[in-house]
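Heads up: the structure comes next, in structure tokens.
Residue indices begin at 1 and follow the sequence shown.
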Amino acid sequence: MKNYNGYKNQNYIQYVKGISPKTNQKRSLFHAFWVGGVICSIGQSFRYLLQYGFNLSGDELSSYVSMIMIFLGAFLTGLGVYDRIGKYAGGGSIVPITGFANSVVSPAMEFKTEGYIYGTAAKMFIVAGPIIVFGIASSVLVGILYFIGFRIF
């Protein structure tokens with residue numbers, strides 16, 4: 001006699017395998033690789049343009065490139081283009097900084113029907129919020145440790 005839970009779980013696993021679409025892993029990895037590379041190449045092109053065209057350097061150059069890429073990610077998400085890129089490229093579109101902009105803008109657009117406060121403002125950081133909180137908290141902790149004289153790096 002089989003355990004009821006084991007039997008139930010086994011049937012569910014068989015059911016999920018039966019209805020799940022089959023993916024070509026090599027093709028998916030290739031799409032992710034080249035799309036992520038193209039996004040990074042676009043960022044590098046903006047870096048060269050700002051560095052040689054506008055004589056920017058250092059932190060100022062990095063900040064401008066990051067702002068441009070975040071703006072492009074948010075803008076393309078607003079137009080619905082970035083979602084199609086994400087569906088095609090998978091992780092290749094999520095990893096660059098434009099994917100972070102997409103993770104902030106997508107929930108904001110999805111919940112705008114609930115109003116500006118309880119919809120857009122409250123739901124905007126559902127995905128990106130934990131990343132921002134962890135980044136700020138860890139940087140504060142490292143700053144405190146550095147301040148008291150504990151050198152990590």
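- Separation of atoms CZ (Arg47) and OH (Tyr52) is listed at 9.0 Å; rounding is to 0.5 Å.
- The distance from atom NZ of Lys17 to atom OG of Ser20, rounded to the nearest 0.5 Å, is 9.5 Å.
- Atom OH in Tyr15 sits 12.0 Å away from atom CG in Asn11 (nearest 0.5 Å).
- Residue pairs meeting the side chain to side chain donor-acceptor pair (under 3.5 Å) criterion with at least one member in residues 84-93, sequence neighbours excluded: His31-Tyr88.
- With values rounded to the nearest 0.5 angstrom, Ser41 atom OG is found 9.5 Å from Tyr48 atom OH.
- For the atom pair CG of Asp83 and CG of Asn102, the computed distance is 5.5 Å after rounding to the nearest 0.5 Å.
- Looking at Thr98 and Thr77, their side chains never come closer than 4.5 Å, going by heavy atoms from C-beta outward.
- In terms of heavy atoms, Ile39 sits closest to Gly92 at CD1-O, 4.0 Å.
- Hydrophobic cluster membership is shared by Ile70 and Phe75, with clusters built from Ile, Leu, Val, Met, Phe, Trp and Tyr side chains linked at under 4.5 angstrom.
- Tracing side-chain contacts under 4.5 Å through hydrophobic residues (I, L, V, M, F, W, Y), one reaches Ile42 starting from Phe71; they form part of the same cluster.
- What you find for Gly78 and Val105 is that their closest heavy atoms are N-CG1, 4.5 Å.
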inquiry  = As a quick check of understanding, evaluate side chain to side chain contact (heavy atoms under 4.5 Å, CB included) for Phe46 and Leu72, giving each step before the final call.
reply    = CA-CA 12 Å; Phe46 280 119; Leu72 286 176; 3.6 Å; yes

Would you mind writing out the side-chain donor-acceptor pairs for residues 58-69 within the sub-3.5 Å range, not counting sequence neighbours?
| from | atom 1 | to | atom 2 | distance (Å) |
| --- | --- | --- | --- | --- |
| Ser62 | OG | Gly58 | O | 3.3 |
| Ser63 | OG | Asp59 | O | 2.8 |
| Ser66 | OG | Ser62 | O | 3.0 |

